[in-house]
Structure formats: structure tokens, C-alpha cells
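Lettering of chains follows the sequences in order, A, B, ..., and the numbering in each one begins at 1.
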2 protein chains.
Amino acid sequence: MTVSQSTSADRPVATRRRGEALENALLDAAWTELRSVGYAKLTMERVADRANTSRAVIYRRWPSRHELVIAALLHQQPTGGSRIPDTGSLREDVLTIMRRAARRISDIGPATVTGLLNDLMADDASHAIIDQLARGGAEVMNRALARAAARGEAREHVPERVARLPLDLIRHELILTHRAPSSATLEAIVDQIFLPLVKPLL
Amino acid sequence: MTVSQSTSADRPVATRRRGEALENALLDAAWTELRSVGYAKLTMERVADRANTSRAVIYRRWPSRHELVIAALLHQQPTGGSRIPDTGSLREDVLTIMRRAARRISDIGPATVTGLLNDLMADDASHAIIDQLARGGAEVMNRALARAAARGEAREHVPERVARLPLDLIRHELILTHRAPSSATLEAIVDQIFLPLVKPLL
DNA sequence: CCGATAAGATGCAAGCCGTCTCCTAGATAT
DNA sequence: ATATCTAGGAGACGGCTTGCATCTTATCGG
């Protein structure tokens with residue numbers, strides 16, 4: 001009985017985690033921390049504590065807070081899953097894309113998104129992530145535009161800058177308000193700005 | 001000899017500053033600190049050191065870093081001085097306004113602007129500053145638009161959202177690139193987006 | 001069963017924050 | 001001029017967070 005150090009009451013903790021299990025625990029901890037206190041107040045210490053481990057374990061994997069958070073986001077909602085909408089109407093397609101973006105933002109937390117954007121831009125190594133994000137957006141919009149053009153709903157050649165416009169404006173709205181844009185805002189962007197710019201000339 | 005504490009070699013420092021002189025010194029220190037290390041790395045400690053005083057003196061005046069920085073910006077380049085351009089052409093008027101904004105941003109430092117925006121939005125009390133900034137922008141644009149409408153260069157009623165567009169897009173560009181937008185970017189925004197949206201219908 | 005590996009605990013120096021307490025310069029009032 | 005009062009300046013405080021370095025020890029692969 002004296003040697004019963006490994007059995008139970010001594011450490012109610014599960015056995016030492018490793019590899020993927022540990023990584024998942026860390027990413028989950030980061031994610032819940034993100035949702036509960038937000039990006040600004042998220043610290044390596046809190047995440048480590050929440051995952052019942054130590055900061056060193058985190059630093060072994062991610063060198064900085066924003067890399068950890070990016071990893072947590074990707075882990076939480078993998079980037080796939082976004083089928084391109086095809087409702088038969090350009091307006092609805094674009095609105096769907098925008099609503100999806102707005103939804104994603106409010107899931108993550110507006111303040112988190114802006115804080116993260118800021119930190120990413122300050123880090124040269126992370127610029128890639130940003131314009132990958134921008135490119136992805138333009139991609140989706142171009143699909144919708146191509147189909148609309150085939151239906152005669154939009155002109156053939158729409159400048160990249162115009163195609164990006166709806167998502168860019170969502171981002172801008174986010175920056176200035178720290179809230180995901182309302183449905184009315186989305187519709188205003190589409191009806192007052194986007195559709196007039198891509199409508200066929202005659 | 002023992003009592004010679006006040007004469008000279010003891011403290012080469014000028015006499016103790018007060019009121020406005022001290023405040024100017026602090027704001028100047030904040031400004032140069034801003035230019036040399038940027039907003040992210042600006043600390044109360046560094047500013048105090050640079051101004052040869054102590055943090056307490058700063059806190060007596062501004063409760064937070066972003067309030068200090070805002071004060072420093074206003075002190076450095078007072079908000080006036082911006083006469084509304086009237087070149088006789090809407091395109092040139094708008095471009096002038098945009099160039100001015102871009103200029104101002106690169107003077108202050110793009111990273112500083114975005115960091116500041118982020119902190120301001122996180123602080124409920126400072127929201128006012130932001131939409132005062134937005135309103136100011138819309139104001140100027142509306143002036144230019146009104147004159148253009150009188151010349152028949154633009155339609156009569158342009159939605160607020162469209163009027164704000166050029167400046168909003170500058171801001172967005174800033175967020176994503178942390179650099180003041182290039183001249184080519186400004187022209188693209190005007191020619192591909194803004195002018196088509198405000199051009200008279202027929 | 002035996003290492004190699006990595007988890008986990010802990011300690012450290014550094015930097016910054018925001019507040020507080022002293023002491024005293026200098027402006028103001030009497 | 002002397003007393004008084006305000007606010008500058010110096011510094012210490014406890015607190016938090018960061019990265020890194022150490023040490024022990026659980027667990028995996030062979």
C-alpha cells in the first residue's frame with residue numbers, strides 16, 4: 001500500500017498527454033480562452049493554465065501569441081466547408097458570401113479579428129496569411145461573377161478591385177465598429193455599391 | 001561648501017517645468033517616440049524618460065497610452081489647415097482629398113494609425129473620436145459632391161455610404177497593408193469605383 | 001527492459017504597468 | 001518677505017507577462 005503513488009488519490013490528473021492529444025488540448029484551451037476573454041487579454045500563461053500545462057510546452061510549438069491563435073482558429077473551424085453558393089441570382093450569391101463572412105467574424109469575435117489583423121501585419125513573416133485571405137475572397141466572388149456574366153446579369157470584365165469590394169467593406173466596417181456588420185449594412189453595400197458597378201452597361 | 005546644493009554642478013537640469021511648458025515637453029516626447037519606435041512599442045516609461053520626468057506626471061494628465069498619443073497627434077499637427085479643394089473637377093477634388101489623407105497617414109506612420117484605431121475601438125469612451133473622424137471625412141466629400149452636382153458632373157443625391165467610399169477604402173487599404181496607399185491605388189479607387197457610382201444617370 | 005524524447009514543474013531576469021509616497025521648487029497669497 | 005499650497009520629480013511597490021533555462025520524470029520506440 002505504501003507504494004501506491006501511481007494509483008489514484010495522489011494525482012487525479014490523467015496520465016501525461018503527448019503529441020496530438022496535447023496539441024488538441026492546447027488549441028482547445030486557446031480557443032475557449034479566446035471566446036471568454038478575447039484576443040487582447042489572451043496570454044500564454046492563461047492558455048497554459050487552462051490546459052493544465054506550462055508555457056514552455058506552448059512555446060515549443062508556436063513562437064508567438066498570434067501564431068498560436070491562428071492555429072487555434074484553423075483547428076476550431078477548418079477552412080473548408082465553404083461551398084460556393086449558386087442561387088441563380090447574383091444578388092443572393094453575393095449576399096450569401098457576405099453573410100457567411102459576417103457570421104464567421106461574429107463567431108470568432110470582432111475584436112479578436114481586428115487585433116489579430118493588427119498583429120499579423122506587424123509581423124513580416126505573416127503577411128502571406130493576410131493576402132491568402134484576400135485572394136480567397138476574390139476567388140469566391142469571381143466565381144459568382146462569372147456565372148452572373150453567363151446569365152447576362154453582370155458585365156464580362158470586372159476589375160479585381162471591384163470584385164473584392166464587398167468583402168473589403170465588411171472588413172472596413174469591422175475595423176471601425178468592432179461589430180459584425182448588420183444584415184441591413186450588407187444589403188446596402190450590395191445594392192448601393194456593388195451591383196451598380198457590375199451591372200451590364202446596357 | 002556643504003550647503004552648495006542649489007548652485008550648479010549638482011543638477012545641470014533647467015529649472016522645474018510646470019503647466020504648459022511641461023505639457024508641451026511631454027507631447028513632444030510622445031511624438032518623437034512615436035516616430036522612432038512606433039505606437040506598439042511606445043511606453044509611458046519611455047516617454048517619461050525622454051521628457052526627463054516620471055510616469056506619474058503623465059498619468060496626472062492622460063489616463064492611458066492612446067489618450068496620450070491622440071493628444072500628441074493633435075498637438076503636433078492641429079486638425080485645421082485643411083481647406084476644401086475646389087479644382088473645378090470632381091476627379092481632382094476627390095484625388096486631392098485622398099492624397100491629403102494618405103499624406104497624413106504616412107506622416108503619422110501607418111502602423112501607428114492602425115494600432116491606435118484598434119485601441120480606440122476597444123475603449124468605449126473613445127468611440128466618439130472615431131465617428132467624429134468618419135463624419136469629418138463624409139463632410140468634406142459631400143462638399144465636393146455638391147459642387148460637382150451643380151456643374152452636372154455628379155448626380156444630385158449620393159448615398160452617405162457612397163460618399164464615404166474613397167476614404168473608407170483608403171482606411172481599408174491601410175489596415176491590410178500597413179502602408180499608405182500609392183498614387184495608383186488612389187486613382188484606381190476613384191476611376192473604377194467612385195466616379196462610376198456618382199456619375200449622372202444619363 | 002532501456003534509452004531517447006518530450007512533458008511538466010519551477011525559477012529567473014527583464015520590462016512595463018498603475019499607484020503611491022516622499023521631498024521640494026516655485027507660484028501665490030498675506 | 002514669509003507662509004502656504006500646488007504640483008514636479010524621484011523612486012519604490014506589487015502586479016503581470018514574457019522568454020528562456022533548468023530539472024525531474026512519464027512515456028514511447030526499439
Rounded to whole angstroms, how far apart are CZ on B/Arg61 and C1' on C/dG18? 17 Å
Among the nucleotides D/dG9, C/dG8, C/dC16, which one has an atom lying closest to any side-chain atom of B/Arg16? D/dG9
Charged N to carboxylate O under 4.0 angstrom, B/Glu139 versus B/Arg135? no
Would a distance-only check, ignoring hydrogens and angles, find a side-chain to backbone donor-acceptor pair under 3.5 Å from A/Arg55 to A/Glu45? no
Report the distance from atom NZ of B/Lys41 to atom P of C/dC17, rounded to the nearest whole Å. 14 Å
Check the surroundings of atom CD in A/Glu187: do more than 12 heavy atoms from other residues, nucleotides or ligands lie under 6.0 Å from it? yes
Nearest-neighbour nucleotide for the B/Tyr59 side chain, D/dC20, C/dG26, C/dT19 considered: C/dT19
Over all strands shown, is B/Ser54 touching base, sugar-phosphate only, or nothing at heavy-atom distances under 4.0 angstrom? base
B/Leu22 has an atom CG; how far is it from atom P of C/dG26, in whole Å? 13 Å
Below 4.0 Å: OP1/OP2 of C/dA7 and any side-chain N or O of A/Thr53: no
Taking the six-membered ring of B/Phe194, is NZ or CZ of B/Arg91 closer than 6.0 Å to its centre and within 45° of its axis? no
Side chain of B/Ala56, heavy atoms from C-beta onward: which of C/dA9, D/dG11, D/dG8 has the nearest atom to it? D/dG11
Taking CD1 from B/Ile58 and C1' from D/dA10, how many angstroms apart are they, rounded to a whole number? 14 Å
Let me know the distance between CZ of B/Arg60 and C1' of C/dG18, rounded to the nearest Å. 13 Å
Do the charged groups of A/Arg171 and A/Asp168 touch, with an N to O distance under 4.0 Å? yes
Residue whose nearest DNA chain D nucleotide is more 5′ - A/Thr43 or B/Val57: B/Val57
Atom CZ of A/Arg46 to atom P of D/dG15: distance rounded to whole Å? 17 Å
Counting the atoms with a prime plus P, OP1 and OP2 as sugar-phosphate, which does B/Arg65 contact under 4.0 Å by heavy atoms, base, sugar-phosphate, or nothing? nothing
Figure out the CZ/C1' separation between B/Arg55 and D/dA12, and round it to whole Å. 10 Å
Between C1' of D/dC20 and CE of A/Met44, the distance in whole Å: 13 Å
